[in-house]
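Data first, discussion second: the structure below is written as structure tokens.
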Amino acid sequence: MALVLKALYHGYDRYLYDAQDPRHADHFLMNPPWLPVAIIGGYLYFVLNLGPKFMANRKPYDLKLLMQVYNILQVLANIYLFIEGIRILYSNNISFTCQPVDYSNNPIALRELRLVYLYYLLKVTDLLDTAFFVLRKKQSHVTFLHVYHHSGIMLGAFVYNRFFPGGHFSMLGLCNTLVHAVMYFYFFLTVSRPELTKNANWKKYITLMQMIQFAYLVLHFATPIVLGLDCGIPKFWLWLPLIQNVFMMVLFWDFYTKAYGRRKVKKTE
């Protein structure tokens with residue numbers, strides 16, 4: 001038994017460290033490899049347990065100014081990553097069917113590495129969304145979909161940043177930053193100019209954008225699998241985001257039908 005455990009430990013250690021892209025092994029929040037798991041654990045404990053208990057007998061915090069600054073910075077950061085991602089992908093003669101990861105130290109590859117790393121850091125800051133809900137006593141907004149989405153995308157960004165920074169996975173970040181730029185602009189308006197969003201269909205169309213994003217990403221990751229293309233990426237790491245995006249599409253569709261299907265019925269009545 002001891003030999004089995006020792007072999008598992010050495011296999012775990014060898015894969016997590018030896019398979020890591022060495023170009024950014026020293027970057028902030030990249031090592032040790034359990035650090036993002038600890039961040040997600042702390043996040044879940046705060047938003048589901050500690051935070052609600054802390055706020056139980058307190059009034060909601062007024063975070064209007066903080067949220068305005070946070071949301072506009074998120075808009076600018078996502079726009080920057082989206083534009084820079086378009087430039088890099090076209091500089092790499094992008095292939096929508098099979099894009100290998102460039103592990104070299106040429107300038108374009110290093111720009112892509114930096115961009116993927118910044119995307120990962122941005123997913124860490126996204127966790128603040130939920131903390132703001134808790135501190136404003138909007139606990140009803142802390143849904144399974146919201147928490148799962150934030151936790152999953154941050155962990156996924158870390159994993160692919162560590163082993164496959166760029167290549168075929170870049171399209172996921174590209175789609176995500178575009179949707180998030182629109183989403184955070186909507187959040188900014190709800191805080192600063194609520195009269196502009198009170199009766200608008202922003203939320204409905206943003207949800208549709210997210211579902212379209214997931215549908216495209218299912219097709220994107222299924223293409224090299226179905227066509228049997230070798231992108232230099234183990235098939236397991238293509239199946240994982242494919243299944244994840246199918247799952248997210250189902251969750252968002254369930255949210256969409258519950259949130260807007262009922263409204264339609266009420267309006268008809």
F28 CZ to D26 CG distance, which is reported to the nearest 0.5 Å: 13.5 Å
Hydrophobic cluster identity match, M211 and Y205, side-chain contacts under 4.5 Å: yes
Parallel, tilted or perpendicular, as decided by the 30° and 60° cut-offs, for the rings of Y184 and Y70: perpendicular
From T125 atom OG1 to L73 atom CG, the distance as rounded to the nearest 0.5 Å: 9.5 Å
NZ/NE/NH1/NH2 to OD/OE distance under 4.0 Å, D62 and K64: no
Side-chain heavy-atom pair F255, T143 within 4.5 angstrom cut-off: no
Flag if over 12 foreign heavy atoms under 6.0 Å of CG, N106: yes
Atom CZ of F144: over 12 foreign heavy atoms under 6.0 Å: yes
Spatial distance of atom CE (M209) from atom CD (Q213) [nearest 0.5 Å]: 8.0 Å
Contact check, side chains of F132 and L66, non-hydrogen atoms, under 4.5 Å: yes
Minimum heavy-atom distance between Q139 and V47, given as atom pair plus value: NE2-O, 2.9 Å
Enumerate donor-acceptor pairs with a distance under 3.5 Å from any side-chain N or O in residues 48-57 to protein atoms, sequence neighbours excluded.
unit_1: N49; atom_1: OD1; unit_2: K53; atom_2: NZ; d: 3.4

Full working for side-chain contact (heavy atoms from CB on, under 4.5 Å) between Y103 and F164: CA-CA 9 Å; Y103 292 101; F164 312 105; 3.4 Å; yes
Within one Ile-Leu-Val-Met-Phe-Trp-Tyr cluster: V226 and Y216, side-chain cutoff 4.5 Å: no
Residues that R193 engages under side-chain hydrogen bond (donor to acceptor under 3.5 Å, both in side chains), provided they are two or more places apart: E195
Sub-4.5 Å side-chain heavy-atom contact between I225 and W239: yes
Least distance between heavy atoms, N31 atom then P33 atom: OD1-CD, 3.6 Å
Would you mind writing out the side-chain donor-acceptor pairs for residues 78-86 within the sub-3.5 Å range, not counting sequence neighbours?
unit_1: N78; atom_1: ND2; unit_2: Q74; atom_2: O; d: 2.8
unit_1: Y80; atom_1: OH; unit_2: R114; atom_2: NH1; d: 3.0
unit_1: E84; atom_1: OE1; unit_2: R111; atom_2: NH2; d: 3.3
unit_1: E84; atom_1: OE2; unit_2: R111; atom_2: NE; d: 3.0
unit_1: E84; atom_1: OE2; unit_2: R111; atom_2: NH2; d: 2.9

Derivation and outcome, side-chain contact (heavy atoms from CB on, under 4.5 Å), residues L44 and I40: CA-CA 6 Å; L44 293 175; I40 291 173; 4.0 Å; yes
side-chain contact (heavy atoms from CB on, under 4.5 Å) evaluation trace for Y120 with Y160: CA-CA 9 Å; Y120 163 56; Y160 288 98; over 6 Å; no
W237 side chain reached by V159 side chain, heavy atoms, under 4.5 Å: yes
Residues 240-254 side chain polar contacts: donor-acceptor under 3.5 Å, at least two apart:
unit_1: Q244; atom_1: OE1; unit_2: Y148; atom_2: OH; d: 2.7
unit_1: N245; atom_1: ND2; unit_2: P241; atom_2: O; d: 2.7
unit_1: D254; atom_1: OD2; unit_2: K258; atom_2: NZ; d: 3.2

ILVMFWY network linking I39 to V116, side-chain heavy atoms under 4.5 angstrom: no
Shortest non-hydrogen separation from G166 to V101 and the atoms involved: O-CG2, 3.8 Å
Same apolar cluster: L227 and I94, side chain cutoff 4.5 Å: no
Listed pairs under 3.5 Å, donor-acceptor, residues 168-175 side chains, sequence neighbours left out:
unit_1: H168; atom_1: ND1; unit_2: Q99; atom_2: N; d: 3.4
unit_1: H168; atom_1: NE2; unit_2: H220; atom_2: O; d: 2.9
unit_1: H168; atom_1: NE2; unit_2: H220; atom_2: NE2; d: 3.4
unit_1: S170; atom_1: OG; unit_2: E112; atom_2: OE2; d: 2.9
unit_1: S170; atom_1: OG; unit_2: G167; atom_2: N; d: 3.4
unit_1: S170; atom_1: OG; unit_2: G167; atom_2: O; d: 3.2

From CG (L122) to OG1 (T177), nearest 0.5 Å: 8.5 Å
Joint hydrophobic cluster, L238 plus L229, side-chain heavy atoms closer than 4.5 Å: no
H24 backbone acceptor or donor facing Y117 side chain under 3.5 Å: no
Shortest non-hydrogen contact between S104 and A109, atoms and distance: O-CB, 3.5 Å
pair P36-L29: side-chain heavy atoms closer than 4.5 Å: no
Approximate separation, where rounding is to 0.5 Å, of L76 CG and F185 CZ: 11.0 Å
Pairs satisfying salt bridge (charged side-chain N to carboxylate O under 4.0 Å, His left out), at least one member in residues 125-139, at least two apart: K123-D126
Closest non-hydrogen atom pair, P224 against K235: O-CE, 4.1 Å
Beyond-backbone contact of Y43 with S151, side-chain heavy atoms, under 4.5 angstrom: yes
Steps toward side-chain contact (heavy atoms from CB on, under 4.5 Å) verdict (F133, H146): CA-CA 11 Å; F133 285 150; H146 177 89; 3.5 Å; yes
Inter-residue atom distance T207.OG1 - I212.CD1, 0.5 Å rounding: 11.0 Å
